[in-house]
S.K.: 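Have a look at the structure that comes next, please.
Quick note: residue numbers are just sequence positions, from 1.
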Amino acid sequence: MSYYGTIVLARSERLLVDLPEVGSAFGTSWQQLLRRDDGWQLLTLAAPFGHQWPTVGSGPGPAAAVTGAPVLAAWVSESACVQFAAATPDGGSWSAHFPDLHLDAGGSCAYDHHRFSPLRLPAGVDPPAADRPALVRHLVDWGTAAGFAADAAQLGAALADHTDELAVYNVADVFGMDEAPEVEPLFGHDEDEWWDVWQRAQHASAWVCRDWSRGSTPMPAYDRPPPGTAELVRFTDLVAGSMYGGGLSRQDLAAEAARIPRR
């Protein structure tokens, strides 16, 4: 399996995709949303869009504050590691790094957890050493705060030796998300009606990330983002903000995509 993105478990009266605190923390590359009747939701996202990397990274704290419920998030770096982070409405938080120790005999992680992770570590701070018992205790405490009945044996078995999305989904199943139905989006990110503009928008989004990644190094004139980058990036955000309703219709998005090349 090769998944690179974020999985969020939270309780909210509103859909998680409608909360600015979720989008600003993890990006808006929605993949799947599951929802139970009691408000608990499981949201899966791909890696943030390129233009979102400079601003994501606030973690689950703001979402916990606005929903008034504990939030659990996990950043999955393919099969190499899972970075867990959790927050409670009272400001409590914890994080844990769950790496595949077989990949590096030295125990270090090859992934950039300082910039290219929505659950960022401070600059110069390495991911903590793997501590499976501590992670299980954290998950038990988080489950208790969230009102779930789960013991250490169940959660330890759920983690098993998985260092990919299975570790997170198995934990969510222990918390009862296995029976949650999917909330179907109205359409996807790159529908046929705006596919050409979407591809251009992704290219523009990558330019923004590339510019940000240079840090203080001046960007040469030949390497600057092309004209129209901001408008193309805006279209990406319009689509993401409309997929689950409350934004533009499919017809309106198609019309907007047709206008962008003319402008």
S.K.: Give, for atom CZ of R11 and atom CG of L16, the distance between the pair rounded to the nearest 0.5 Å.
M.R.: 12.5 Å
S.K.: Determine whether a donor-acceptor pair (N or O, by modelled atom type, separation under 3.5 Å) exists between the side chain of R120 and the backbone of V56.
M.R.: yes
S.K.: Closer than 3.5 angstrom, by distance alone: can the side chain of W194 be matched with the main-chain N or O of H189 as a donor-acceptor pair?
M.R.: yes
S.K.: Please step through side chain to side chain contact (heavy atoms under 4.5 Å, CB included) for the pair Q83 and L121, ending with a clear verdict.
M.R.: CA-CA 10 Å; Q83 180 72 24; L121 297 177; 4.1 Å; yes
S.K.: Find out whether R200 and F235 are in side-chain contact, i.e. whether some heavy atom of one side chain is under 4.5 Å from a heavy atom of the other.
M.R.: no
S.K.: Are the aromatic ring centres of W212 and F116 under 6.0 angstrom apart?
M.R.: yes
S.K.: Rounded to the nearest 0.5 Å, how far apart are OH of Y4 and OG of S117?
M.R.: 7.5 Å
S.K.: How about CG on D161, more than 12 heavy atoms from neighbouring residues, nucleotides or ligands closer than 6.0 Å, or not?
M.R.: no
S.K.: Can you list the steps and then say if H138 with W142 is a side chain to side chain donor-acceptor pair (under 3.5 Å)?
M.R.: CA-CA 6 Å; H138 279 312; W142 185 89; over 6 Å; no
S.K.: Please report the shortest heavy-atom distance between A74 and V82, naming the atom on each side.
M.R.: CB-CG1, 3.8 Å
S.K.: Should D237 and H51 be marked as a side chain to side chain donor-acceptor pair (under 3.5 Å) after you check the CA-CA gap, both sets of side-chain angles, and the distance that decides it?
M.R.: CA-CA 10 Å; D237 295 333; H51 67 277; 3.0 Å; yes
S.K.: Hey, what do you get for OG (S12) to CZ (R35), rounding to the nearest 0.5 Å?
M.R.: 7.5 Å
S.K.: Any side-chain heavy-atom pair from L238 and D252 closer than 4.5 angstrom?
M.R.: no
S.K.: P70 and side-chain contact (heavy atoms from CB on, under 4.5 Å): which single residue from L9, T144, T88 fits?
M.R.: T88
S.K.: Report the residue from L253, T236, L232 that forms a side-chain contact (heavy atoms from CB on, under 4.5 Å) with V197.
M.R.: L232
S.K.: Determine the sole option in S58, P60, P48, S24 for which the side-chain contact (heavy atoms from CB on, under 4.5 Å) test with P118 is passed.
M.R.: P48
S.K.: Please check if the number of heavy atoms outside E184 that lie under 6.0 Å from its CD is greater than 12.
M.R.: yes
S.K.: Would you find more than 12 non-hydrogen atoms of other residues, nucleotides or ligands less than 6.0 Å from D37 atom CG?
M.R.: no
S.K.: Would you check if the distance from the ring center of F175 to the ring center of W40 is below 6.0 Å?
M.R.: no
S.K.: Roughly how far apart are D164 CG and C81 SG, rounded to 0.5 Å?
M.R.: 11.0 Å
S.K.: Take W75 and F84, measure what ring pair (Phe, Tyr, Trp, His ring centres under 6.0 Å) needs, and give me the verdict at the end.
M.R.: CA-CA 7 Å; W75 169 249; F84 287 90; over 10 Å; no
S.K.: Whether R234 and E256 form a salt bridge (side-chain N of Lys/Arg under 4.0 Å from carboxylate O of Asp/Glu) is what I want to check.
M.R.: yes
S.K.: Are there over 12 heavy-atom neighbours, none belonging to Q251, within less than 6.0 Å of that residue's CD?
M.R.: no
S.K.: Does the structure place the NZ or CZ of R137 under 6.0 Å from the centre of the six-membered ring of W94, at an angle of no more than 45° from the ring's axis?
M.R.: no
S.K.: Quick one: sort the W207 and H203 rings into parallel, tilted or perpendicular, breaks at 30° and 60°.
M.R.: perpendicular
S.K.: Return yes if some donor-acceptor pair links the side-chain N/O of S242 with the main-chain N/O of G247 below 3.5 Å, else return no.
M.R.: no
S.K.: I'd like to know if the side chain of Q154 and the backbone of D151 have a donor-acceptor N/O pair within less than 3.5 Å.
M.R.: yes
S.K.: Test E179 against R36 for side chain to side chain contact (heavy atoms under 4.5 Å, CB included), laying out the working first.
M.R.: CA-CA 8 Å; E179 299 179 357; R36 294 198 330 190; 5.7 Å; no
S.K.: Please report the shortest heavy-atom distance between S79 and D100, naming the atom on each side.
M.R.: O-CB, 3.9 Å
S.K.: From the options W30, Y169, Y3, select the one residue that forms a side chain to side chain donor-acceptor pair (under 3.5 Å) with T44.
M.R.: Y169
S.K.: Between CD1 of I7 and CD of Q32, what distance do you get to the nearest 0.5 Å?
M.R.: 9.5 Å
S.K.: Distance alone, cut at 3.5 Å: any donor-acceptor contact between the side chains of Q52 and T28?
M.R.: yes
S.K.: Carefully, step by step, assess L34 and E182 under the rule side chain to side chain contact (heavy atoms under 4.5 Å, CB included).
M.R.: CA-CA 4 Å; L34 306 180; E182 181 176 0; 3.7 Å; yes
S.K.: Which heavy atom of A63 sits nearest to which heavy atom of V71, and what is that distance?
M.R.: C-CG2, 4.0 Å
S.K.: Going from CD on E165 to CG on N170, what distance comes out if it is rounded to the nearest 0.5 angstrom?
M.R.: 10.0 Å
S.K.: Please examine the side chains of H113 and V125, heavy atoms only from C-beta on, and report whether any two atoms are closer than 4.5 Å.
M.R.: no
S.K.: Ignoring hydrogens and angles, tell me if any N or O in the side chain of E191 forms a donor-acceptor pair with the backbone of G188 under 3.5 Å.
M.R.: yes
